[in-house]
K.L.:
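The structure under discussion is supplied below as structure tokens; questions concerning it will follow.
Not measured: the values here are computed from a predicted model.
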Amino acid sequence: MRAVVITRGGGPEVLEAREVEDPPQLGEGEVLIEVAAAGVNRADTLQRHGRHPPPAGASPYPGLECSGAIVALGSNVPSRWSVGDKVCALLSGGGYAEKVVVPAGHLLPLPEGVSLTDAAGLPEVACTVWSTVFMTSHLSPGESFLIHGGSSGIGTFAIQIAKHLGIKVFVTAGVDVILDNIGGSYLQRNLNSLGVDGRLFIIGFQGGAKAEVNLQAVLARRLTIQAAGLRGRSLANKAQIVSEVEKNVWPAIVAGKVKPVIYKTFPLAEAAEAHKLMESSSHIGKILLIP
């Protein structure tokens, strides 16, 4: 099969589409997907630099989400899944390829009204936002929400789902929950922007991992600071998140209340160009690769 290989650590030019071996034999509870499209994420650029390696046992190729069709089933796969089903999936790696092996618990059905290509832009953002903002920070209807990087894939999704659930989305001070992918350089401003019992959830460090802050606000306003990624979680935890996303987010997508925002698609062989666009931060929404 064809896959994008990281030939060495470095800039986008180190990405090369090559012929590689097909995925290994399916294990218990796994399915094989013929990839229709793969989402490009900021974490993929970090992996390219050698700073975000795949978990043990995961595919060495980048790509944390994809869409496609099931072409083979391993043993003990739940009966809801069959060969030929159109799906999208949360991955630990391997999306930049023509085929990828996925635990059945990390599959999501293709939402009605969403194209198979566009669906590749849903799993990572939906699982990231739902697991952090809702499952952990417990953002609730009537509360307020501030998100940095509102034009990113995560930002465009988070704004839509929050508004759908009756949450006030703000870009000013005094909010209940902040989802931050900037990190160090925004930390003090984030703390200053939170109201009483506010929660800050950090999911990235585009502005650095170190900061000097005045912690007085944390005590005075009973603030909570949390941080987590998605890729390094256990398979069981990811399956739980995927299940919650299907139950709570998928109905909003099917109803047309939340839509994938796709900025541009590239052929698999042009992964380097996709990474250049990602790192320029000039896009709005998701970038996809098409095998």
K.L.:
Report the residue from Glu16, Glu279, Glu13 that forms a salt bridge (Lys or Arg N to Asp or Glu O under 4.0 Å) with Arg48.
P.N.:
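Single pass found, and it is Glu279.
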K.L.:
Taking C-beta and beyond as the side chain, do Leu194 and Val175 meet within less than 4.5 Å on heavy atoms?
P.N.:
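When only atoms from C-beta onward are counted, Val175 and Leu194 do touch, with a gap below 4.5 Å.
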K.L.:
Find out whether Gln160 and Val261 are in side-chain contact, i.e. whether some heavy atom of one side chain is under 4.5 Å from a heavy atom of the other.
P.N.:
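Counting from C-beta outward, Gln160 and Val261 do come under 4.5 Å.
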K.L.:
Please step through side-chain contact (heavy atoms from CB on, under 4.5 Å) for the pair Val133 and Phe145, ending with a clear verdict.
P.N.:
CA-CA 9 Å; Val133 176; Phe145 180 44; 4.0 Å; yes
K.L.:
Only pairs at least two apart or in different chains count here, so list each ring pair (Phe, Tyr, Trp, His ring centres under 6.0 Å) that has a residue in residues 63-102.
P.N.:
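For residues 63-102: Tyr96-His275.
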K.L.:
Enter the distance from Gln226:CD to Ile202:CD1 here, rounded to the nearest 0.5 Å.
P.N.:
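Rounded to the nearest 0.5 Å, the CD-CD1 separation comes to 10.0 Å.
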K.L.:
Side chains of Gln188 and Asn214, heavy atoms from C-beta outward: is any pair under 4.5 Å?
P.N.:
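Answer yes - side chains close enough.
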K.L.:
Using modelled atom types only, decide if a donor and an acceptor are shared between the side chain of Asp176 and the backbone of Ser144 within a distance under 3.5 Å.
P.N.:
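Yes.
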K.L.:
Find the distance between OG1 (Thr128) and CD1 (Ile154) and round it off to the nearest 0.5 Å.
P.N.:
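Thr128 atom OG1 to Ile154 atom CD1 measures 4.5 Å (nearest 0.5 Å).
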K.L.:
Search all heavy atoms of Leu116 against all heavy atoms of Ser67 and return the closest pair with its distance.
P.N.:
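For Leu116 versus Ser67, the nearest heavy atoms are O-OG, 2.6 Å.
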K.L.:
Judged by atom type as modelled, is there a donor-acceptor pair below 3.5 Å linking the side chain of Gln47 to the main-chain atoms of Pro60?
P.N.:
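Between the backbone of Pro60 and the side chain of Gln47 there is a qualifying donor-acceptor contact (under 3.5 Å).
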K.L.:
What is the minimum heavy-atom distance between Leu122 and Pro111, and which atoms define it?
P.N.:
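That would be CD1-CG, 4.0 Å.
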K.L.:
Treating Glu98 as the side-chain partner and Arg2 as the backbone partner, does any N or O pair qualify as donor plus acceptor under 3.5 Å?
P.N.:
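Yes, the answer is positive, given that a donor and an acceptor are paired below the 3.5 Å cut-off.
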K.L.:
Got a donor-acceptor contact below 3.5 angstrom from the Ser137 side chain to the Leu139 backbone?
P.N.:
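Between the backbone of Leu139 and the side chain of Ser137 there is no qualifying donor-acceptor contact (under 3.5 Å).
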K.L.:
Kindly determine whether Leu107 and Val102 satisfy side-chain contact (heavy atoms from CB on, under 4.5 Å), including the steps that lead there.
P.N.:
CA-CA 7 Å; Leu107 297 174; Val102 187; 4.0 Å; yes
K.L.:
Is the shortest heavy-atom distance from the side chain of Val40 to the side chain of Phe266 under 4.5 Å?
P.N.:
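When only atoms from C-beta onward are counted, Phe266 and Val40 do not touch, as no gap falls below 4.5 Å.
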K.L.:
So, Arg231 side chain and Ala43 main chain: donor-acceptor pair closer than 3.5 Å or not?
P.N.:
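Answer holds: no.
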K.L.:
Would you call Glu65-Lys286 a salt bridge at under 4.0 Å N-O?
P.N.:
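Between Lys286 and Glu65 there is a salt bridge, with a charged N closer than 4.0 Å to a carboxylate O.
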K.L.:
Under 3.5 Å, side chain of His106 to main-chain N/O of Leu235, donor-acceptor pair present?
P.N.:
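Side chain of His106 to backbone of Leu235, a donor-acceptor pair under 3.5 Å: yes, one is there.
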K.L.:
Do Arg233 and Ser131 have side chains that approach each other closer than 4.5 Å (heavy atoms only, starting at C-beta)?
P.N.:
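Touching, per the 4.5 Å side-chain cut-off.
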K.L.:
Could you go step by step and tell me if Arg42 and Ser281 meet the side-chain contact (heavy atoms from CB on, under 4.5 Å) rule?
P.N.:
CA-CA 10 Å; Arg42 186 74 58 174; Ser281 296; 3.1 Å; yes
K.L.:
Between Glu30 (side chain) and Gly27 (backbone), is there a donor-acceptor pair under 3.5 Å?
P.N.:
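Yes, the answer is positive, given that a donor and an acceptor are paired below the 3.5 Å cut-off.
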K.L.:
Taking the side chain as everything from C-beta on, heavy atoms only, tell me whether Lys238 gets closer than 4.5 Å to Cys127.
P.N.:
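They are not in side-chain contact.
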K.L.:
Go through it in stages, so that I can follow the logic: the residues are Val87 and Val31, the test is side-chain contact (heavy atoms from CB on, under 4.5 Å), and I'd like the CA-CA distance, side-chain angles, deciding distance and then a yes or no.
P.N.:
CA-CA 11 Å; Val87 296; Val31 307; over 6 Å; no
K.L.:
Quick check: do Asp180 and Ile203 have side-chain heavy atoms less than 4.5 Å from each other?
P.N.:
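No; the side chains remain at least 4.5 Å from each other.
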K.L.:
Mind checking whether Cys88 and Val114 have side chains closer than 4.5 Å, heavy atoms only?
P.N.:
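The answer is no; the side chains never approach within 4.5 Å.
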K.L.:
For atom CD of Gln25, decide whether the heavy atoms of other residues, nucleotides or ligands shown that lie under 6.0 angstrom number more than 12.
P.N.:
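At most 12 heavy atoms, drawn from other residues, nucleotides or ligands, come within 6.0 Å of this atom.
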K.L.:
Kindly say whether Leu277 contributes a backbone atom to a donor-acceptor pair with the side chain of Ser280 at under 3.5 angstrom?
P.N.:
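Answer holds: yes.
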K.L.:
Please confirm whether the backbone N or O of Val5 pairs with a side-chain atom of Thr7, one donor and one acceptor, at under 3.5 Å?
P.N.:
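No; judged by distance alone, with no hydrogens or angles, the pair does not exist.
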K.L.:
Which is it for Arg199 and Thr132 under the side-chain hydrogen bond (donor to acceptor under 3.5 Å, both in side chains) test, yes or no, and what are the steps along the way?
P.N.:
CA-CA 11 Å; Arg199 290 90 78 195; Thr132 55; over 6 Å; no
